[in-house]
Amino acid sequence: MSVSEALKQRRSIKNFDPAHKMSDNEFQHLMEHAILSPSAFNLQHWRIVRVTDAEQRQAIRTAAYDQPQMTDASEVLVLCMDLKTWAKEPAQYWNHTGPEVTDFMVQSITGYYQENSQAQRDEGMRSCSILSMALMLMAQEMGYYSCPMDGFDFAKVGEIINMPNDHEICLILTIGKPLTDPHPKGGQLKIEDVVLKDRF
Ligand SMILES: Cc1cc2nc3c(=O)[nH]c(=O)nc-3n(C[C@H](O)[C@H](O)[C@H](O)COP(=O)(O)O)c2cc1C
């Protein structure tokens, strides 16, 4: 499937088939490609909690105002980010590039992040959001649909997945097979309403 076709087909699904399961091979294929996504300084901030346990899924559904995707989707992925990737052996993100590049990158990473908690969070959110789109497009190519979700109590879901204090949740991505066609699309703004030439 072409990227343009995947973009046209993708919709946010509300009612997934609870009987459908994604195989481990499919999951592997999905992840292998999605983690090729770009991330700031190649820090790969994403930590993905694949929720399979039925009780845990029900607890997340309750924390998500009873949205059915949380129990019915084939995959419920809590896309978290590690706010402190930059401080955790940063050389590991640049270990294929030769020592000069590695040293330069480690210095740049440390200099940029160590006094800047907003950047730690913002860069993680950006990187995880891009990963999320890659997952949605891959899912589409594999014959699945998805729904990115932030309609839930973030603190509660953090507790349910036992998230460490130096992590945050970006969003939950649900993936599965739809039971019915989605509602018509809400409608897109015109390109000229959202693209500005040179400045506001
Ligand atoms: C950050 C984000 C959070 C969203 N949260 C939810 C959600 O909690 N529940 C839901 O059903 N859809 C959610 N959506 C899906 C949007 O409602 C949907 O993308 C939008 O209406 C456009 O429809 P489409 O994705 O089918 O084109 C979310 C989308 C984004 C990007």
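Both ligands and their constituent atoms are indexed starting at 1 by order of listing. Given the structure is predicted, the values throughout are model-derived calculations rather than measurements.
- Remark: Arg11 fails to qualify as a cation-pi partner of Tyr145 under the 6.0 Å distance and 45° angle criteria applied to the six-membered ring.
- Here atom 13 (C) of ligand 1 lies nearest to Pro148 when heavy atoms of Ser12, Ser132, Pro148 are compared.
- Within the listing of ligand 1, atoms 24 (P), 25 (O), 27 (O) sit less than 4.0 angstrom from a heavy atom of Arg10.
- Ranking protein heavy atoms by distance to atom 27 (O) of ligand 1, first place goes to Lys185 NZ, 2.3 Å.
- Ion pairing between a basic and an acidic side chain is recognised when a charged N comes within 4.0 Å of a carboxylate O; Lys14 and Asp72 show no such pairing.
- In this structure, the ring of Phe152 has its center no less than 6.0 angstrom from the ring center of Tyr65.
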Dump the intermediate steps for side chain to side chain contact (heavy atoms under 4.5 Å, CB included) on Asp82 and Lys88, then the final yes or no. CA-CA 10 Å; Asp82 184 346; Lys88 296 176 181 169; 2.8 Å; yes
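- Figure legend: cation-pi geometry between Lys177 and Phe16 absent, as NZ or CZ is not positioned both under 6.0 Å from the six-membered ring centre and within 45° of its axis.
- Here the heavy atom of the protein found nearest to atom 5 (N) of ligand 1 is Asp150 N, 3.1 Å.
- There is no path of hydrophobic side-chain contacts, each under 4.5 Å, that joins Trp46 to Val78.
- Residue contact annotation: Cys147 has a non-hydrogen atom under 4.0 Å from ligand 1.
- Below 30°, between 30° and 60°, or above 60°: for Tyr113 and Trp86 the angle between ring planes is below 30°, a parallel geometry.
- At least one protein heavy atom sits closer than 4.0 Å to atom 1 (C) of ligand 1.
- When the heavy-atom distances from atom 7 (C) of ligand 1 to Gln67, Met136, His183, Lys14 are ranked, the shortest goes to Gln67.
- Near Arg11, with a cut-off below 4.0 Å to any heavy atom, the atoms of ligand 1 are 24 (P), 26 (O), 27 (O).
- Which parts of ligand 1 touch Gly151 is read off a 4.0 Å heavy-atom cut-off, strictly below it: atoms 8 (O).
- Not a single protein heavy atom sits closer than 4.0 Å to atom 20 (C) of ligand 1.
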